[in-house]
Protein chains: 2
Amino acid sequence: MILSKSCEYAIRAVVYIASKTVKEERASIIEIAEAIGSPVAFTGKILQTLTRKKVLASSKGPNGGFYIINPASVYLVDIVRAIDGNEIFTACVIGLTTCSAEKPCPMHYQMKPIRDQLRIDFGKRSVYEMVQAFENNNYFLK
Amino acid sequence: MILSKSCEYAIRAVVYIASKTVKEERASIIEIAEAIGSPVAFTGKILQTLTRKKVLASSKGPNGGFYIINPASVYLVDIVRAIDGNEIFTACVIGLTTCSAEKPCPMHYQMKPIRDQLRIDFGKRSVYEMVQAFENNNYFLK
DNA sequence: TTAATAGAAGACAAATATATCTTTTATTTT
DNA sequence: AAAATAAAAGATATATTTGTCTTCTATTAA
Ligand code: FES
Ligand code: FES
């Protein structure tokens, strides 16, 4: 799998949260987990991390919950980096300790372009765009 | 990471084994692990799986070891499927239970082409080609 | 100012992936 | 036939990821 399970949940959660934010609402952990079909407590941990990394914001107490400051300025790549780190965009496909043209593996010149493309595509895809897709109602989060 | 550690070792091992096969030699587990920088016993297990799945062949006893019947007819995709399965080419990026145009996630139309391209590229890349690259001596397996 | 709400934090548990060790089986050489 | 070699098989161990549970802290509403 390309992304960790945590990262998959993270992306789905962020899209859902953003879809609430654009309606001026906040989302609780329980509501989010229900909406994306993920385990409640585990989802809480992931959201905690995203909040620490400033991908999301949260507030406690009644009417509290998670929200996103500006969906148009957060990109898919930001979520991925917050949870799985940057390695998926830089690490050697077959696990050499470094990936470089100086010491390439036999797949380097095939893989680097694909990986770079992935980084570019993930860097272009804003949460706002994903919310628009989702709100179309032809798209799903679970 | 895109591939499991097992799968990374598997690919490196197969390329090394094939580089021996083209010289009419067989490779022992110990030699392979040394050549690709992997843990010996764990590598043994992976090679066992690859042999069961007919990606490799092996023989016991003195002058025994692993070899590959026809490097030109085994493709990267075959190694990946043998170890990690086909899911990396078919599963939803954000973990929906099924990936389809009928029930697409907000990344579906961005990801499907990339994933398909990966399958095509992996399907085109033969072990023989990877060995040629490796034998060039400008390419590395550890 | 008390009760209720909701996230933060940390300890704990289960599942999976990675790695090791020992015994058995097949093959070859002497 | 016996000794040596090398993979197969299975049991066991460790690490990481995924998931749960309990307590603490902040905020809000009554
Ligand atoms: S060295 Fe392996 S992908 Fe670059
Ligand atoms: S449904 Fe998510 S990638 Fe196809």
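A note on names: the letters A, B, ... follow the listed sequences, proteins ahead of strands, and every chain is numbered from 1.
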Ion pair check, A:R125 and A:D121, cut-off under 4.0 Å: no
Grab the CD-C1' distance between A:Q48 and D:dA26 for me, whole Å please. 14 Å
With heavy atoms under 4.0 Å as the rule, sort B:A27 into base, sugar-phosphate or nothing. sugar-phosphate
In whole angstrom, what separates A:I36's CD1 from D:dG19's P? 11 Å
Touch class at under 4.0 angstrom, heavy-atom based, for A:G65 against every strand present: sugar-phosphate
To the side chain of B:K45, which of C:dT18, D:dA11, C:dA8 is closest? D:dA11
Classify the side chain of B:K60 and the base of C:dT25 as holding, or not holding, a donor-acceptor pair under 3.5 Å. yes
Just to confirm, is there a sub-4.0 Å distance from OP1 or OP2 of D:dT18 to any side-chain nitrogen or oxygen of A:Y9? no
What nucleotide among C:dA8, D:dA8, D:dT20 has an atom nearest to a side-chain atom of B:S58? D:dA8
Would you say the side chains of B:S38 and B:R12 form a donor-acceptor pair under 3.5 Å? no
Just the rounded figure in Å: distance from C1' of D:dA6 to CD of B:E31. 12 Å
In whole angstrom, give the distance that lies between atom CZ of B:F42 and atom P of D:dG10. 18 Å
Please determine, for the side chain of B:F66, which listed nucleotide (D:dA7, C:dA9, C:dA19) has the closest atom? D:dA7
Whole-Å distance separating the CD1 atom of A:I29 from the P atom of C:dA6: 10 Å
Looking at B:E31 and B:K20, does any basic side-chain N land under 4.0 Å from a carboxylate oxygen? yes
Is B:S6 near enough to C:dT18 that one of its side-chain N or O atoms lies under 4.0 angstrom from OP1 or OP2? yes
If you check the A:S4 side chain, which of C:dG7, D:dC21, D:dT18 turns out closest? D:dT18
Write down the distance between OH (A:Y67) and P (C:dG7), rounded to a whole number of angstrom. 12 Å
Please tell me if B:N63 has a side-chain N or O lying less than 4.0 Å from either OP1 or OP2 of C:dT29. yes
Name the closest nucleotide to the A:R52 side chain, picking from D:dA9, C:dA6, C:dA9. C:dA9
State plainly whether the residues B:E34 and B:K142 are in salt-bridge range, i.e. N to O under 4.0 Å. yes
Is there a donor-acceptor pair closer than 3.5 Å between any side-chain N or O of A:T43 and the backbone N or O of A:A33? no
Ignoring the backbone of B:P62, work out which of C:dG7, D:dA4, D:dG19 is nearest its side chain. D:dA4
Write down the distance between NZ (A:K54) and P (C:dA8), rounded to a whole number of angstrom. 11 Å
Interatomic distance, B:R26 CZ vs C:dT27 P [rounded to whole Å]: 11 Å
